[in-house]
Amino acid sequence: MRSRGLPCAALASVLAVSACGGSSESPGAPLTESPAGSSTEPSGTPGSSGSKPGSPGTPGDTKDPGKSTPPSDVDLRADTNRDGTIDFDDATDDDAEDAWDEKHGAVFLANIDDDQGKCTATGNDVDLPKCNDAADDIVNGDDDALDLARLKTRPFASAPDGTMGTITVSAPERVRLFRVKDGAFTVLASGDALTTADVRAGIELAIEGRDIVRDTKVWDGFVDVTFTVDRNGTKETDKVRMRVSPLMTYHHLLPTETTYVTALNIASSIATRNDLAAAATAAGVPAPKNVTSTQDQWTQDFFETAFMSMPGPGGEQHAMRVNIRSANEFQPNSSTNPLRSAGKLVFALRGKDNAAIQQYDPSRQGQNDTLNSFGNLETVPPYTNGGKSYPLGRILRGSIASYHPDQTFLTMMESQSVQTPIYIDTSWLLVGHVDETLSFVKAPNARGWVVLANDPTLAKTMLQQQVQAGHGNEPMFVGKSWDGRTSAQVTISEVLADTEVMQASAEAATEVAGQLAILKSEIGLTEDEIIRIPYLHMPYSQGSIAYQPGMVNGLYISPTHFVAPDPHGPVIGGQDIFKAAMETKLAPLGITVHWAEDWDLYHANMGEVHCGTNATRQIPEAKWWESGR
């Protein structure tokens, strides 16, 4: 946005007024998962002028998108049209440059990776996050330079002698500007003077974010960069609005690039990892990477994979991977190391185009801590409902008003805006994670995907049918034990006669129906978009857990391959009836089910395959800046 003006005295002379007004631009080794307890849009006020993201800002400031204006000598440009370049001959790099919406607006990254590998992976929870490329005032090599968004001023060759310029930034504490000259980067502070020669030749700038948005009430992610030229008292300005990339999580429909599993030197871990490797081979993807830095087998829970992106050359996305540490407080009384130690893995993964994030409230003292594990953060795939489109999907978390994860972490995730969270009630589950009852896979339907949902009632019906067919004495859980000593083996009839299991399963069916009701309301989900997967529940320590291995709690390793925990169900006619049920339901979707042995290490400790694995997935083709959020 440009504004031209005469000096106050000149205006007074021309307009015969006595005074002029003025304005200025303001600038451990746990073997058991920790036990656990309506979606709303975030209420922040994004936009540096208090406007919603995508709104034009101050009335009268915005050019009419699509209408070009004559070139001006005072012209600051960024990649407003998001094609990866800055072009003074392209009017679309100038249109609505002071606005921000799904079609216009420049983007920059929080430059918090470690391109030259200077950061250590060891240290305490307070100091580890402080090291990244934005922590210093230098550009850390050519790779770091690629993470900076560029701006340029148009050369003003006819600027008269004595002309001066300045570049100001509305939130200088949130970003850092560099001047780029002859391949060198030097810090340019907000308000630093530009010489007449600078104005005449034009300058190039690079901008980096010092951090992601953590709370829109503190910073909404927008920055206005203003170029001012003063020709002996006559000032003209041009302003560009920019926005830092949000932090985004991957939905399950995206192909995996890297999967992870904690490697313990015990038979149960080896068995699970062998089955995962075999499934990966069948799916044509790399075998899971072994995490050896911890004895914590709940690899899903202590970190979450995510990304940020900005337009790159050719309009492609330039992405930065981000690994988020869980807010689990395993030592809440420690001032320096309160968090789950396994989560330090995110700092070991930090490097070129890989960043690490942590966010927690130390005053929470570990309350409701299980909800902070990332088995309780999944991503609903992309959808449109009621005129609202979510091309990158939405975060799904278990939480209710009186039982919720770390509030500062919730605020951080809500503040990213583009994947507005959906909250469902998981307080009835002992562990309290959304992955215990729900998952998502691709499907050849209009939506492109379906929900896999736990159905205890179906499991009971299947067992009753086998009793009616004369198979009531067939065993389940053959050769399995609950604790290495107590046999888990039981007949079909004995399961149906277990009043505690039947009662817990009936209650679980009601609770899962409540979870699905929220998805139906938020997503527009229909019954034919729900694939019901049978397994029962049992009560444990005032909560509910999966009695049989929870088959939806698996790893969607590729679009056509799903790794589920072996249910160890009754074998009738040479076939496990629960395996057959899931295989039959997923076959029409083109999905092959692979079975992983997880009883001893995971199921008997209240978790499953998904709880013990993690995945970095491909960057989605959908570009977040086109989402309208």
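When a residue number appears, it is its place in the shown sequence, counting from 1.
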- List the steps, then state whether side chain to side chain contact (heavy atoms under 4.5 Å, CB included) holds for Glu208 with Phe178. CA-CA 8 Å; Glu208 66 179 1; Phe178 294 93; 3.7 Å; yes
Any heavy-atom pair between the side chains of [Y] and [X] that's under 4.5 Å?
| X | Y | value |
| --- | --- | --- |
| Arg321 | Asp353 | no |
| Leu177 | Leu151 | yes |
| Asp79 | Asp93 | yes |
| Asp133 | Asp114 | yes |

Determine the sole option in [options] for which the side-chain contact (heavy atoms from CB on, under 4.5 Å) test with [X] is passed.
| X | options | result |
| --- | --- | --- |
| Met308 | Val107, Asn111, Ile212 | Ile212 |
| Asn354 | Asp113, Val346, Asn323 | Asn323 |
| Arg397 | Ile424, Ile422, Asn376 | Asn376 |

Using the side-chain hydrogen bond (donor to acceptor under 3.5 Å, both in side chains) criterion, which residues pair with [X]? Sequence neighbours excluded.
| X | answer |
| --- | --- |
| Ser293 | none |
| Asp211 | Arg214 |
| Asp125 | Arg325 |

Any donor-acceptor pair under 3.5 Å from [X] side chain to [Y] backbone:
| X | Y | value |
| --- | --- | --- |
| Arg394 | Thr420 | yes |
| Thr196 | Thr163 | yes |
| Arg350 | Thr120 | yes |
| Asp406 | Tyr360 | no |
| Asn132 | Ala135 | yes |
| Lys181 | Glu204 | no |
| Trp625 | Gly628 | no |
| Glu626 | Ala622 | no |
| Gln317 | Pro620 | yes |

Side-chain donor-acceptor pair under 3.5 Å between [X] and [Y], yes or no?
| X | Y | result |
| --- | --- | --- |
| Lys289 | Asn614 | no |
| Asn81 | Asp90 | yes |
| Thr92 | Asp95 | no |
| Thr258 | Thr616 | no |
| Ser373 | Asn328 | yes |
| Glu378 | His251 | no |
| Ser190 | Thr168 | no |
| Asp87 | Thr85 | no |

- Message: Can you list everything that forms a ring-ring contact (aromatic ring centres under 6.0 Å, His included) with Phe156? Sequence neighbours excluded, please.
- Response: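 With neighbours one apart ignored, the set is empty.
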- Item | Under the ring-ring contact (aromatic ring centres under 6.0 Å, His included) test, residues paired with Phe374 that sit two or more places apart | Phe409
Shortest non-hydrogen separation from [X] to [Y] and the atoms involved:
| X | Y | value |
| --- | --- | --- |
| Ile86 | Arg77 | CG2-CB, 3.6 Å |
| Ser417 | Arg243 | CB-NH2, 3.9 Å |
| Trp624 | Ser309 | NE1-O, 2.9 Å |

- Item | Separation between CG of Asp144 and CG of Asp115, rounded to the nearest 0.5 Å | 5.0 Å
- Note on the structure: Between the CG atom in Asp301 and the CG atom in Leu377, the distance rounded to the nearest 0.5 Å is 11.0 Å
- Item | Axial cation check for Tyr390 ring with Arg629, 6.0 Å and 45° limits |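 Verdict for Tyr390: a cation-pi partner in Arg629.
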- Message: Here's one to test your reading of the geometry: is the NZ or CZ of Arg241 within 45 degrees of the ring axis of Trp100 and under 6.0 Å from its centre?
- Response: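 No, cation not above the ring by the 6.0 Å, 45° rule.
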- Message: With salt bridge (Lys or Arg N to Asp or Glu O under 4.0 Å) as the rule and sequence neighbours excluded, what pairs involving residues 304-313 come up?
- Response: none
- Any chance you could lay out the side-chain hydrogen bond (donor to acceptor under 3.5 Å, both in side chains) test for Thr379 and Thr249, step after step, and finish with the verdict? CA-CA 7 Å; Thr379 306; Thr249 56; 2.7 Å; yes
- Task: Mind running side chain to side chain contact (heavy atoms under 4.5 Å, CB included) on Arg200 and Thr195 for me, showing each step along the way?
- Result: CA-CA 9 Å; Arg200 286 173 176 168; Thr195 66; over 6 Å; no
